[in-house]
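If you're wondering where the values come from, they're calculated on a predicted model, not measured in any experiment.
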Amino acid sequence: MATETAGQPQTTGPAATAPARTPEVRPMRADARRNYERLLTEARTAFTEHGTDTSLEDIARRAGVGIGTLYRHFPNRTALMGAVFQGEVDALLTHARELADAPQPCAALVEWLRAIITHATTYRGLCRALMTASADDSSGMARCSVPMREAGGALLTRAQQAGAVRPDVSISDLMQLTNGIALAVEESPDDPKLADRLLTLTLRGLKGDNH
């Protein structure tokens, strides 16, 4: 039965207890989308040139917006970093899928880890952020680290099932170790072979007893 209060119809009965519909997410307005894309472009350039600790105010200024606009799109630095690096992460996830059926599971895992190191050393400070994010799924970088752990876990499991990697190796420890290698490479720019040497040492510790 419907009654009226203050000119508005009110419904009683079963319809009144129906759950509220989930509000639809509105698409970003054209001007907001332009600001978002400009911020990503300028942040990517700034992170490449100056590292991930570059001034957010400077990024906003270069994008032609106020710092408040930046924070409306990206509530903190790690959220901005996660958005900037999403493209690279998507490429790494695609690469992991391509390696899923490789004939040598351990070699596939190492190849993917090497690709992570290359990615992490592109931006100074990224490897530190990834190391922090790996222990905090609520971090703004979780959108990068969580799917990466899942993709790496699949490659690791396949290598372990083949007996090529010890069963006590975890993907979390392996990702931290990889980020640590990336940090060492970042701090030693004059040693281009450092990553391969450290990965080789890592592989010797990962291998199962029959390899």
Exercise. Between atom CD1 of Ile181 and atom OG1 of Thr202, what is the distance when rounded to the nearest 0.5 Å?
Worked result: 3.5 Å

Problem set entry | Check ion pair Lys193-Asp196 (N to O, under 4.0 angstrom) | no

For this session: Would you check if Phe47 and Ile59 make a side-chain contact, meaning some heavy-atom pair closer than 4.5 Å?
Result: yes

Exercise. Is there a side-chain contact between Met148 and Val89, using heavy atoms and a 4.5 Å cut-off?
Worked result: yes

Problem set entry | Nearest non-hydrogen partners of Met81 and Leu126, listed with the distance | CE-CD1, 4.4 Å

Problem set entry | Thr69 versus Arg72, side-chain donor and acceptor atoms under 3.5 Å | yes

Exercise. Is Gln104 atom CD crowded by more than 12 heavy atoms from other residues, nucleotides or ligands, each under 6.0 Å away?
Worked result: no

Exercise. Arg62 versus Thr45: any side-chain heavy-atom pair under 4.5 Å?
Worked result: yes

Exercise. Is there a donor-acceptor pair closer than 3.5 Å between any side-chain N or O of Thr157 and the backbone N or O of Ala154?
Worked result: no

For this session: Enter the distance from Glu98:CD to Leu93:CG here, rounded to the nearest 0.5 Å.
Result: 11.0 Å

Exercise. Can you tell if the side chain of Leu80 reaches within under 4.5 Å of the side chain of Arg77, non-hydrogen atoms only?
Worked result: no

Problem set entry | Step-by-step side chain to side chain donor-acceptor pair (under 3.5 Å) determination, Tyr123 to Glu88 | CA-CA 11 Å; Tyr123 306 91; Glu88 287 90 340; 2.7 Å; yes

For this session: Keeping the roles fixed (side chain from Gln160, backbone from Val169), state whether a donor-acceptor pair exists under 3.5 Å.
Result: yes

For this session: Measure the spacing between OG1 of Thr121 and CD of Glu187 and express it to the nearest 0.5 Å.
Result: 11.5 Å

For this session: Considering non-hydrogen atoms only, spot the tightest contact between Gly152 and Ile171 and give its length.
Result: C-CD1, 3.4 Å

Seminar exercise, completed: Nearest heavy-atom contact between Leu40 and Ala83 is CD2-CB, 3.6 Å

Exercise. Counting N and O atoms only, with roles assigned by atom type, does the side chain of Arg38 sit under 3.5 Å from a partner on the main chain of Gly64, one being a donor and the other an acceptor?
Worked result: no

Exercise. Is a donor on one side and an acceptor on the other found under 3.5 Å between the side chain of Ser55 and the backbone of Glu57?
Worked result: yes

For this session: Could you grab the distance from atom CZ of Phe85 to atom CG of Asp90, nearest 0.5 Å is fine?
Result: 13.5 Å

Exercise. Can you tell me if Trp112 uses its side chain to pair, donor with acceptor, with the backbone of Leu155 under 3.5 Å?
Worked result: no

Exercise. Do any N or O atoms from the side chain of Arg44 and from the backbone of Val84 form a donor-acceptor pair under 3.5 angstrom?
Worked result: yes

For this session: Taking the side chain as every heavy atom from C-beta outward, state whether Leu183 and Asn179 have any pair of such atoms under 4.5 Å apart.
Result: no

Exercise. Minimum heavy-atom separation for Leu109 to Ala159, with atom names?
Worked result: CD2-CB, 4.5 Å

Exercise. So which heavy atom on Ala195 is nearest to which on Val185, and how close?
Worked result: CB-CG2, 3.7 Å

Exercise. Where the side chain of Thr178 meets the backbone of Leu174, is there a donor-acceptor pair that is under 3.5 Å apart?
Worked result: yes

For this session: Kindly determine whether Arg61 and Asp58 satisfy salt bridge (Lys or Arg N to Asp or Glu O under 4.0 Å), including the steps that lead there.
Result: CA-CA 5 Å; Arg61 180 186 58 78; Asp58 185 55; 2.3 Å; yes

Exercise. With the threshold set at 4.0 Å, does a side-chain nitrogen-carboxylate oxygen contact exist between Arg197 and Asp191?
Worked result: yes

Exercise. Are Arg33 and Glu37 ion-paired here, with the side-chain N under 4.0 Å from a carboxylate O?
Worked result: yes

Problem set entry | Side chain proximity check, Met175 to Ile116, heavy atoms < 4.5 angstrom | yes

Exercise. Atom CG in Leu56, atom OH in Tyr71: separation rounded to 0.5 Å?
Worked result: 4.5 Å

Seminar exercise, completed: Shortest non-hydrogen pair, Ala60 vs Leu39, comes out as CA-CD2, 4.1 Å

Problem set entry | Nearest-0.5 Å distance that lies between atom CZ in Arg158 and atom SG in Cys106 | 11.0 Å

